[in-house]
Student: 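Encoded as structure tokens, here's the structure I'll be asking about.
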Amino acid sequence: MRWTVSRTSLADTAGDLMIYPVFQKNDEADLKPLKADLRGLDGGGPGLLTLIRKSGFTGGAESLFPVPCPGVKAGWILLAGLGKAEETGLETLRKVAGLAAKRARTMKAERVLVQVPVSGALGFDDRTIARCWVEGSELALAAIGELKTGKKKPVLPRQGKLLAGGSRAKALREGVFEAEAFAAGCNFARHLVNLPPNILTPRDLAARSRRMARAEGLTCRILNVAQMKKLNMGGILGVGQGSRQEPRLIDLQYRAPGAAGRKAPSIALVGKGITFDSGGISLKPGAGMDLMKGDMGGAAAVLGAGLIAARLKLPVNLRVIVPTAENMPDGLAVKPADVITMASGKTVEVLNTDAEGRLVLADALWYAGRDKPDYIIDAATLTGACVIALGNHFAGLMSNSGTLVDALKQAGGETFERVWHLPLVDEHKKEVEGTWSDLQNLGKGREGGALTAAAFLSYFVDDETPWAHIDIAGPSWSTAATATGPKGGTGFGARLMARALQILVS
Ligand code: BES
Ligand code: ZN
Ligand code: ZN
């Protein structure tokens, strides 16, 4: 939807639905601000306030209560409970905004007005409030189901107007601009994850990345099989050799604008892009295998982060690198006991063809490290072990850099894409030393699977380069709709990494 900021008052502004956030105070809805706003309005005033008081609506977080109000042009007010001001966090704002936006959709309201909550009560500035509100709304209204035929498209809210007096407008507009970029990056990532694997093949992912890059002003290079052969990328080629869909390496670049470009830090984001993970010869069980269309969630996240960085013209020199392949069983597929030679020159015994993510990432991390970036961050749906350890609401974070751990933890707290710091130590590195080759793609036991996977990756990153690995196998997919999104791909990581970039350059 298109968002604007308006100075006009609630009574005068035309629209279909007025969303009015309300705090809870002493276990009751705090209706004082509404009372002031409704003063002198037809159909507003005491009658309406009594009705609300009698309704049982307390302003509790995430509760909604629509009331007809002929005195405002919109005709309806949708009261949206924010909970107690001292407990309202950034994510509460996103969730309440998301739920209100979805209610607006059910009410077929096309023009939505939002009375912006006052920053004093919340302790956040207006820019942050607008950013969370608009981001929450845009994330919530993300569409899925484009592949369904014969169904009428729902009426979607098209216009959002934030109402706020005088001097607040500038900060609110800045917040809206940022929110639109963040939501676009996340929704782009979600869309990629949701696409079926017969459509989103490695080549198709490359084509979509190129289109995104063109639209957003990044440069784009796609390496094909011959070009990867020249670089001896045995990891990506090995994983891809069992599929008739050829692998690719996607390499996007965004340069900080103007003079800032020379001084700006260089950051490489690397994302696992397995468009379907059948397990290969070490075939996965049938139940739930469909979820493995989402095994390119890391790729989606770094592409989304690249989109956000470019839209916000962040002062970074960014590289977005995606090794993409389809992992399939075949007569020519890589098999357990095969030894492959990676781009870095290291030899790896493939003990399990289902541990393919680390093989494609290893070549991409080496490729990212060639021009010595200041930071490397990778995101990958890498291990089931990480899901067992942390569940679906946290990503695992393993890193050789305190700076990156701090930045990603802070970013995750703010975007609510939370990361949990896990160890990366020599003991785990020893676990993946090979018997017949330099390395093997499995630990010696099943214990600490997320950690041995990260340890494997560490062999392909220079010790001196600050690097963080984010295992998003848990949070990149949601089995149910939430306040801020449909079920399916969550886009986890796009906003997190974009926010981390902002923090790293601030
Ligand atoms: N893509 C999977 C990991 C995964 C699991 C992602 C669940 C999302 C949800 C990965 O390639 C894989 O299969 N990993 C194996 C590694 C094992 C063979 C060492 C796993 O986690 O079982
Ligand atoms: Zn696998
Ligand atoms: Zn995988």
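Counting begins at 1 with the first residue of the sequence. All ligand and atom numbering here is 1-based and tracks the order in the structure.
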Student: Is the positively charged end of Arg190 above the ring of Phe188, judged by distance under 6.0 angstrom from the centroid and angle within 45° of the axis?
Tutor: no
Student: Answer side chain, backbone, both or neither: which part of Arg446 comes under 4.0 Å from ligand 1, heavy atoms only.
Tutor: neither
Student: Tell me whether Asp330 is salt-bridged to Arg244, with the criterion being a basic N under 4.0 Å from an acidic carboxylate O.
Tutor: no
Student: Starting from atom 7 (C) of ligand 1, find the nearest protein heavy-atom neighbour and note its residue, name and distance.
Tutor: Met292 CE, 3.8 Å
Student: Heavy-atom contact under 4.0 Å between Arg358 and ligand 1?
Tutor: yes
Student: On a heavy-atom basis, I'd like to know which of Leu382, Ile472, Asn327 is closest to atom 3 (C) of ligand 1.
Tutor: Leu382
Student: What do you get for the angle at the Zn ion (ligand 2) between OD1 on Asp354 and OD2 on Asp277, to the nearest 10 degrees?
Tutor: 100°
Student: Which atom name does Glu356 have for its N/O/S atom nearest to the Zn ion (ligand 2)?
Tutor: OE1
Student: Between Asp354 and ligand 1, which residue portion shows a heavy-atom distance shorter than 4.0 Å: side chain, backbone, both, or neither?
Tutor: both
Student: Could you see which bit of Lys272 sits under 4.0 Å from ligand 1, with heavy atoms only: side chain, backbone, both or neither?
Tutor: side chain
Student: Are the side chain of Tyr254 and the backbone of Val320 linked by a donor-acceptor contact shorter than 3.5 Å?
Tutor: no
Student: Tell me which protein heavy atom sits closest to atom 2 (C) of ligand 1, plus the residue, atom name and distance to 0.1 Å.
Tutor: Asp277 OD2, 3.6 Å
Student: Would you confirm whether Ser437, through its side chain, and Gly434, through its main-chain N or O, come within 3.5 Å as a donor-acceptor pair?
Tutor: no
Student: Evaluate Asn352 for polar contact with ligand 1, using N/O atom pairs at a separation under 3.5 Å.
Tutor: no
Student: Could you check atom 22 (O) of ligand 1 against the protein and tell me its nearest heavy-atom contact, residue, atom and distance included?
Tutor: Gly384 N, 4.5 Å
Student: Please check this pair: side chain of Glu349 against backbone of Val339, looking for a donor-acceptor N/O pair closer than 3.5 Å.
Tutor: no
Student: How far is atom 17 (C) of ligand 1 from its nearest protein heavy atom, and which residue and atom is that?
Tutor: Leu442 CD2, 4.2 Å
Student: Does a side chain donor of either Gln502 or Glu178 reach within less than 3.5 Å of an acceptor in the other side chain?
Tutor: yes
Student: Name the one of Thr381, Thr353, Asn327 that satisfies side chain to side chain donor-acceptor pair (under 3.5 Å) with Asp277?
Tutor: Asn327
Student: Of the backbone and side-chain N, O or S atoms of Lys272, does one lie nearer to the Zn ion (ligand 3) than 2.8 Å?
Tutor: yes
Student: Quick one: does NZ or CZ of Arg94 land under 6.0 Å from the six-membered ring centre of Phe416, within 45 degrees of the ring axis?
Tutor: no
Student: Establish, from distance only, whether the side-chain atoms of Asp438 and Tyr459 form a donor-acceptor pair under 3.5 Å.
Tutor: no
Student: For the Zn ion (ligand 3), give me the closest N/O/S atom belonging to Asp295, just the atom name.
Tutor: OD2
Student: Any ion pair linking Arg203 and Glu246 (charged N to carboxylate O, less than 4.0 Å)?
Tutor: no
Student: Of all the atoms in ligand 1, which lie at a distance below 4.0 Å from a heavy atom belonging to Glu356?
Tutor: 11 (O)
